[in-house]
J.: 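Quick one: the structure is below, and I'll ask about it shortly.
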Amino acid sequence: MSFPLLTATAAVPAIGAIVTAAVPAARRTAAKWIALAFSLATLVLAAIALVRFEPGGDRYQLTESHAWISDFGVRYELGVDGIGVALMALTALLIPFVIAAGWHDADPLETKSSRWRPTQGFFALILMVEAMVILSFEATDVFLFYILFEAMLIPVYFLIGGFGDRAHAGGDEAGATQRSYAAVKFLLYNLAGGLIMLAAVIGLFTQTGTFSLAEIAEARANGTLDMSTGMERWLFLGFFFAFAIKAPLWPVHTWLPNAMGEATAPVAVLITAVVDKVGTFAMLRFCLQLFPEASKWATPVVLVLALISIIYGALLAVGQRDIKRLIAYASISHFGFIIMGIFAMTSQGQSGATLYMINHGISTAALLLVAGFLISRRGSRLISDYGGVQKVAPVLAGTFLIGGLATLSLPGLAPFVSEFLVLVGTFSRYPVIGIIATIGIVLAALYVLVLYQRTMTGPVNESVRHMPDLKLRELAVVTPLIALLLFLGVYPKPLTDIVNPAVEHTMSDVHKTDPKPEVEAAP
């Protein structure tokens with residue numbers, strides 16, 4: 001048997017979580033280094049998988065298949081296409097930065113009113129989330145994916161509720177209440193979506209007799225899949241509703257600002273840059289592949305919802321007074337672009353959407369982590385409590401600016417490429433939607449530049465006059481992310497070469513081709 005590389009990429013962080021949690025309470029620093037070591041080992045395995053993946057080869061590669069629950073047709077089946085392997089690598093890349101950035105976030109607090117915060121548990125939960133997310137990008141059995149889709153909610157719930165942000169204007173008691181509310185809201189929203197998805201998963205099995213993506217695709221290709229149009233549409237809605245919550249898409253998005261606002265900055269990165277990508281990824285892998293006709297039927301409504309998300313999220317970001325909630329609403333706007341690209345049903349739109357998932361993960365991680373360093377120094381998330389930071393901490397201000405410029409998709413930075421492709425792909429089939437969506441670009445420039453102006457420029461606020469600049473550990477976290485934003489902004493070809501063949505397969509699933517230009521190119 002060949003080495004089970006995909007299983008190993010998920011097993012290493014899972015084992016790391018167990019080992020980290022087992023470290024004695026007095027050895028907090030050792031637990032941190034153990035967690036970081038396991039995350040780096042996972043990154044090495046993900047890099048090997050990325051190198052071994054052949055873009056021009058089979059659709060699903062590095063496959064594994066083993067019997068699991070034979071009586072119900074459930075198998076342990078793994079495989080990655082270009083989209084899955086890219087997102088798996090993104091997850092493995094971001095987790096070491098999340099751990100390093102949150103190095104002191106779970107240290108015991110000094111105040112008597114504060115609860116004991118088990119440091120080992122914090123890092124063990126992060127590794128457990130990593131293991132489940134990576135495995136969800138690899139699962140090609142629908143039931144296995146569903147188990148992972150739901151199970152990852154539990155560690156995230158504890159990370160929000162048990163290890164929330166300490167910078168709360170109302171003090172420790174109010175902060176604990178808000179953290180509990182945000183954690184419960186996150187769990188209830190996603191569990192509701194998961195329960196509806198479970199019904200759809202059962203319905204899919206009754207129609208196909210299998211949970212295997214490969215077997216369902218083969219039956220559809222052979223014309224032996226007997227599923228009525230009405231049934232396909234109902235099943236699509238069950239899957240899509242769960243993925244729209246996870247993504248999140250308007251109007252089932254309201255859990256995200258609470259969760260990101262009350263979580264620590266590294267956990268907020270974990271939520272929006274890692275966990276939420278499972279929702280948009282699943283739209284490509286499951287909605288379009290399993291229910292192609294229903295996906296085309298639902299496209300007009302989905303595009304309108306995505307457009308609302310783009311404008312709504314950007315408008316609310318403009319009016320925010322809380323730094324982290326501003327970034328949360330900006331992410332809702334960005335997820336609108338991703339979903340719009342997916343359902344534009346063009347190769348440019350879907351390639352752009354996939355690149356957007358990756359580039360948004362990197363840019364949001366950079367901006368959120370620097371914002372977290374800023375908030376930890378001042379002890380406040382309110383924009384009004386800052387001013388003139390660039391004069392006392394120029395490196396912090398500079399990295400914050402680059403993260404912000406990436407968020408507004410400035411040309412030369414990675415998100416610009418993906419946003420441009422999404423807009424081009426959408427405009428070529430739905431020009432009105434594409435034109436209106438560009439308003440989101442203007443609003444992004446507004447909320448990012450206003451945020452930078454109010455926090456970093458102007459007279460120095462007395463509360464930040466003695467604020468220290470970024471330390472070596474913090475620079476080690478931010479610098480590689482900024483370097484990636486610059487590199488992928490000027491040379492995205494390594495990513496496009498990997499994802500484009502997978503996009504071609506998805507376009508074939510829904511029997512769509514790119515619209516021909518109305519004006520012929522000059523000879």
Side-chain angles (χ1 to χ4, degrees), residues 6 46-47 49-63 79-93 137-138 140 213-214 217 221 277-278 280-290 292 295-296 299 334 337-363 409 411 413-430 434 484-485 487-517 521:
L6 297 186
L50 194 61
V51 170
R52 288 186 57 186
F53 183 83
E54 299 178 6
D58 295 337
R59 179 172 190 175
Y60 293 110
Q61 300 179 32
L62 308 175
T63 54
V80 287
D81 60 2
I83 299 169
V85 77
L87 290 173
M88 179 187 71
L90 171 70
T91 302
L93 173 71
F137 290 139
E138 301 170 346
T140 55
L213 275 178
K277 298 301 186 297
V278 176
T280 47
F281 163 79
M283 291 179 188
L284 277 166
R285 171 165 283 189
F286 296 101
C287 285
L288 270 60
Q289 186 173 345
L290 293 175
S295 297
K296 290 186 286 187
T299 289
H334 295 150
F337 277 109
I338 294 171
I339 295 169
M340 185 176 74
I342 291 171
F343 282 86
M345 302 294 181
T346 61
S347 58
Q348 299 98 328
Q350 291 187 359
S351 293
T354 304
L355 291 180
Y356 216 132
M357 292 185 225
I358 298 165
N359 295 331
H360 172 264
I362 299 170
S363 62
S409 300
L413 296 173
F416 169 77
V417 179
S418 44
E419 194 165 281
F420 176 78
L421 285 173
V422 166
L423 289 171
V424 168
T426 304
F427 183 84
S428 64
R429 198 180 291 278
Y430 303 98
L484 269 175
L485 289 173
F487 175 75
L488 294 175
V490 298
Y491 190 63
K493 188 175 183 296
L495 279 180
T496 57
D497 286 346
I498 292 173
V499 304
N500 282 346
V503 168
E504 290 176 8
H505 285 296
T506 304
M507 291 286 290
S508 176
D509 289 335
V510 294
H511 308 292
K512 283 283 191 179
T513 57
D514 290 331
K516 295 181 179 179

J.: For the residue pair G82 and A502, what are the closest heavy atoms and their distance?
T.: N-CB, 3.7 Å
J.: Taking all non-hydrogen atoms of both residues into account, name the closest pair between P55 and D497 and its distance.
T.: CB-O, 3.3 Å
J.: Check whether any side-chain heavy atom of L87 lies under 4.5 Å from a side-chain heavy atom of L90, and answer yes or no.
T.: yes
J.: Counting only N and O atoms by type, is there a donor-acceptor contact under 3.5 Å from the side chain of S295 to the main-chain atoms of C287?
T.: yes
J.: CG of L6 to CG of L62: how many Å apart, nearest 0.5 Å?
T.: 5.0 Å
J.: Does R285 reach the main-chain N or O of F137 with its side chain, forming a donor-acceptor pair under 3.5 Å?
T.: yes
J.: With side-chain contact (heavy atoms from CB on, under 4.5 Å) as the test, pick out the partner of L488 among T496, L413, V417, N359.
T.: N359
J.: Check whether any side-chain heavy atom of Y356 lies under 4.5 Å from a side-chain heavy atom of L421, and answer yes or no.
T.: no
J.: Of the non-hydrogen atoms in E419 and S409, which two are nearest, and what is the gap between them?
T.: OE1-OG, 3.1 Å
J.: Quick check: closest heavy atoms across L423 and G434, and the distance to 0.1 Å?
T.: CD2-O, 3.9 Å
J.: Which distance, rounded to the nearest 0.5 Å, do you find between the CZ of F53 and the CE of M88?
T.: 9.5 Å
J.: Would you check if the side chain of D58 reaches a backbone N or O of Q61 as a donor-acceptor pair within less than 3.5 Å?
T.: no
J.: Nearest 0.5 Å please: distance from the CG atom of L284 over to the CD1 atom of I83.
T.: 4.5 Å
J.: Would you sort out whether T506 and D81 count as a side chain to side chain contact (heavy atoms under 4.5 Å, CB included), showing the intermediate values?
T.: CA-CA 11 Å; T506 304; D81 60 2; 5.6 Å; no
J.: Identify whether the distance between the nearest side-chain nitrogen and carboxylate oxygen of R59 and D509 falls below 4.0 Å.
T.: yes
J.: Measure across V422 and G349 and return the closest heavy-atom pair with its distance rounded to 0.1 Å.
T.: CG2-O, 3.9 Å
J.: Can you tell me if K277 and H360 form a side-chain donor-acceptor pair at under 3.5 Å?
T.: yes
J.: Which atom names give the shortest non-hydrogen contact between S428 and G425, and what distance separates them?
T.: OG-O, 2.9 Å
J.: Using side-chain heavy atoms (C-beta onward) and a distance below 4.5 Å, is L495 in contact with T354?
T.: no
J.: Whether the side chain of Q350 engages the backbone of I342 through a donor-acceptor N/O pair (distance < 3.5 Å, no angle test) should be reported.
T.: yes
J.: Would a distance-only check, ignoring hydrogens and angles, find a side-chain to backbone donor-acceptor pair under 3.5 Å from R429 to M345?
T.: yes
J.: For a 4.5 angstrom cut-off between non-hydrogen side-chain atoms, does P415 reach L485?
T.: yes
J.: Under the 3.5 angstrom rule, does the side chain of S508 hit a backbone N or O of E504 as a donor-acceptor pair?
T.: no
J.: Report the distance from atom CE of M283 to atom CZ of F343, rounding to the nearest 0.5 Å.
T.: 6.0 Å
J.: So does F286 get a backbone contact from the side chain of Q289, meaning a donor-acceptor N/O pair under 3.5 Å?
T.: no
J.: Taking the side chain as C-beta and beyond, is there a heavy-atom pair between V85 and I498 under 4.5 Å?
T.: yes
J.: Could you tell me whether the side chain of S351 and the main chain of Q348 form a donor-acceptor pair under 3.5 Å?
T.: no
